[in-house]
Protein chains: 2
Amino acid sequence: MAGARGSQTEMAVLGALSIEPMTGYALREAIRDVLGHFWSESFGQIYPTLATLERHGHVTRGGSTRAGSSLFAITTSGTERLRDLLRQPVQATPPRNGLLLRLFFGRSLGVEACRALIAQARVDAQRRLDEFDAIAAQVAGETQHSDDMLFWLLTVSAGRHSARATLAWADESLAVLDAAPPAPADRNETG
Amino acid sequence: MAGARGSQTEMAVLGALSIEPMTGYALREAIRDVLGHFWSESFGQIYPTLATLERHGHVTRGGSTRAGSSLFAITTSGTERLRDLLRQPVQATPPRNGLLLRLFFGRSLGVEACRALIAQARVDAQRRLDEFDAIAAQVAGETQHSDDMLFWLLTVSAGRHSARATLAWADESLAVLDAAPPAPADRNETG
DNA sequence: GCCCGCATGTAACTGGTTACATGATTGT
DNA sequence: ACAATCATGTAACCAGTTACATGCGGGC
């Protein structure tokens with residue numbers, strides 16, 4: 001569990017606790033709501049990870065918000081552990097883009113369905129872009145630690161660039177499909 | 001195995017065979033080399049998937065290139081199956097961007113390490129962009145089926161937009177970090 | 001003859017997700 | 001009291017990856 005593999009979950013958990021102590025439940029929500037744009041952890045991994053980290057002394061189960069719940073806080077060794085983890089090389093996840101896979105086989109899927117997929121991708125990208133704009137404004141206004149703010153805005157900016165790129169690609173692609181002859185799906189009309 | 005889950009592997013395999021018949025080995029290489037920019041299948045899944053598809057009559061094991069090897073070809077029912085699969089809704093994969101996760105905790109990682117990560121991301125994006133340019137030229141030149149070419153160029157274009165967005169984000173981010181005070185990692189030198 | 005690349009598979013392991021089980025606290 | 005939510009965990013399952021086992025054919 002301390003191998004190079006499970007380290008990503010550890011990184012997210014320790015990182016979140018490095019900002020402020022919280023319960024496992026709050027941790028889950030923080031990861032979903034704050035890191036959600038570029039990271040996700042499944043529910044069932046948070047508590048086991050917390051247990052492992054506690055065994056290694058990287059986090060402590062401190063004073064309770066109320067009976068039955070515990071506030072997890074990062075320790076000094078946990079801070080060191082986080083630093084070590086952050087310094088590990090980024091492991092590239094194998095790409096799996098369901099949209100592009102379908103478009104690649106667009107001849108079999110049909111031009112109309114492709115158009116619909118791209119249009120939907122455009123809508124999604126626009127929504128994401130709006131969300132990022134809102135988040136950027138919120139982060140710039142609320143965040144107390146200006147040290148953190150700089151980096152948080154960096155991740156938001158990445159999302160915005162990505163969303164804008166998708167928008168541009170979608171517009172360009174829809175134009176290309178409009179210009180192309182509306183051949184029906186998978187027909188060989190070479191005769 | 002015929003559930004909504006394993007369907008993505010089936011889609012890639014059937015799609016590849018819809019272009020031309022090949023051996024399982026060639027299939028693996030085609031998926032790696034041709035779909036590699038947006039899709040990946042692990043080796044150990046291709047043969048089981050082929051076996052399942054054969055049982056369902058979606059592919060046939062045809063004439064051999066030489067003893068011991070078989071050419072897999074898509075059948076009529078396989079073509080239908082492919083169409084059905086392609087029409088299934090795109091299932092979004094939960095985001096897991098190790099780079100952004102590290103940058104988000106940049107205060108703990110340190111400004112210098114962040115700069116290095118972004119610089120590396122820039123190098124990678126530039127390399128991808130060059131590759132896409134080469135692929136686009138190659139596809140436009142070689143491809144016989146102009147029906148396929150249109151869609152293939154769409155996926156290449158997506159890669160280019162994405163790579164260019166990463167380049168722009170990296171440049172912008174490096175400028176931001178240069179402008180910011182070079183505070184060392186995780187130190188409180190407020191005293 | 002021997003090694004390398006093509007070719008087909010299987011087995012074991014790992015990481016991640018979902019669903020389930022349980023109970024405390026708070027507000028109505 | 002009752003429902004909703006907070007909170008902590010466990011068990012079962014599934015998908016995907018890696019490594020291993022095997023054998024043929026052709027070139028050196």
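In what follows, chains are A, B, ... by sequence order, proteins preceding strands, each numbered from 1.
Contact annotation for Gly24(B): backbone-only contact, meaning every heavy-atom pair under 4.0 Å involves sugar-phosphate atoms and none involves a base.
Remark: Glu112(A) engages Arg115(A) in a salt bridge, criterion side-chain N to carboxylate O under 4.0 Å.
If Gly44(A) and Phe43(B) are placed on DNA chain C by their nearest nucleotide, the residue sitting closer to the 5' end is Phe43(B).
The separation between Gln45(B) atom CD and dG9(C) atom C1' is 14 Å, rounded to whole Å. In this structure, Glu41(A) atom CD and dT17(C) atom P are separated by 7 Å, rounded to whole Å. In this structure, Arg96(A) atom CZ and dG15(C) atom P are separated by 18 Å, rounded to whole Å. Atom P of nucleotide dA7(D) and atom CZ of Arg32(A) are separated by 13 Å, given to the nearest angstrom. Distance Met22(A) CE to dA7(D) C1': 15 Å, rounded to the nearest Å. If you measure from atom CD of Gln91(B) to atom P of dC14(D), you get 15 Å, rounded to the nearest angstrom. With rounding to whole Å, Arg55(B) atom CZ is found 13 Å from dG9(C) atom P. Taking atom CD1 of Ile46(A) as the reference point, atom P of dT17(C) lies 10 Å away to the nearest angstrom.
For residues 91-112 of chain B, the pairs satisfying ring-ring contact (aromatic ring centres under 6.0 Å, His included) are Phe38(A)-Phe104(B), Trp152(A)-Phe104(B), with sequence neighbours left out.
For Arg28(A) and dT17(C), the shortest distance from a side-chain N or O to OP1 or OP2 is not below 4.0 Å. Distances shown here put every side-chain N or O of Arg61(B) at or beyond 4.0 Å from the OP1 or OP2 atom of dA7(C).
In this structure, of dT17(C), dT8(D), dG9(C), it is dT8(D) that holds the atom nearest to the side chain of Tyr47(A). Considering only the side chain of Tyr25(B), dA7(C) comes nearest among dT8(D), dG16(D), dA7(C). The nucleotide whose nearest atom lies closest to any side-chain atom of Ser69(B) is, among dT8(D), dA7(C), dG16(C), dA7(C). Listed nucleotides dA7(C), dG16(C), dA7(D) differ in distance to Thr23(A); the shortest reach to its side chain belongs to dA7(D). Which of dT17(C), dT18(D), dC6(D) sits closest to the side chain of Ser42(A) comes down to dT17(C). Distances were taken from every side-chain heavy atom of Pro94(A) (C-beta onward) to each of dG9(D), dT17(D), dG9(C); the shortest belongs to dT17(D).
The structure places OG1 of Thr23(B) at 8.0 Å from CZ of Phe72(B), a figure rounded to the nearest 0.5 Å.
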Identify each donor-acceptor pair in which a side-chain atom of residues 123-136 of chain B lies under 3.5 Å from a protein atom, sequence neighbours left out, and give them as a table.
unit_1    : atom_1 : unit_2    : atom_2 : d
Asp124(B) : OD1    : Gln120(B) : NE2    : 3.0
Gln126(B) : NE2    : Asp130(B) : OD1    : 3.3
Arg127(B) : NH1    : Glu131(B) : OE2    : 3.2
Asp133(B) : OD1    : Arg160(B) : NH1    : 2.5

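In this structure, Thr79(B) contributes its side chain and Thr75(B) its backbone to a donor-acceptor pair below 3.5 Å.
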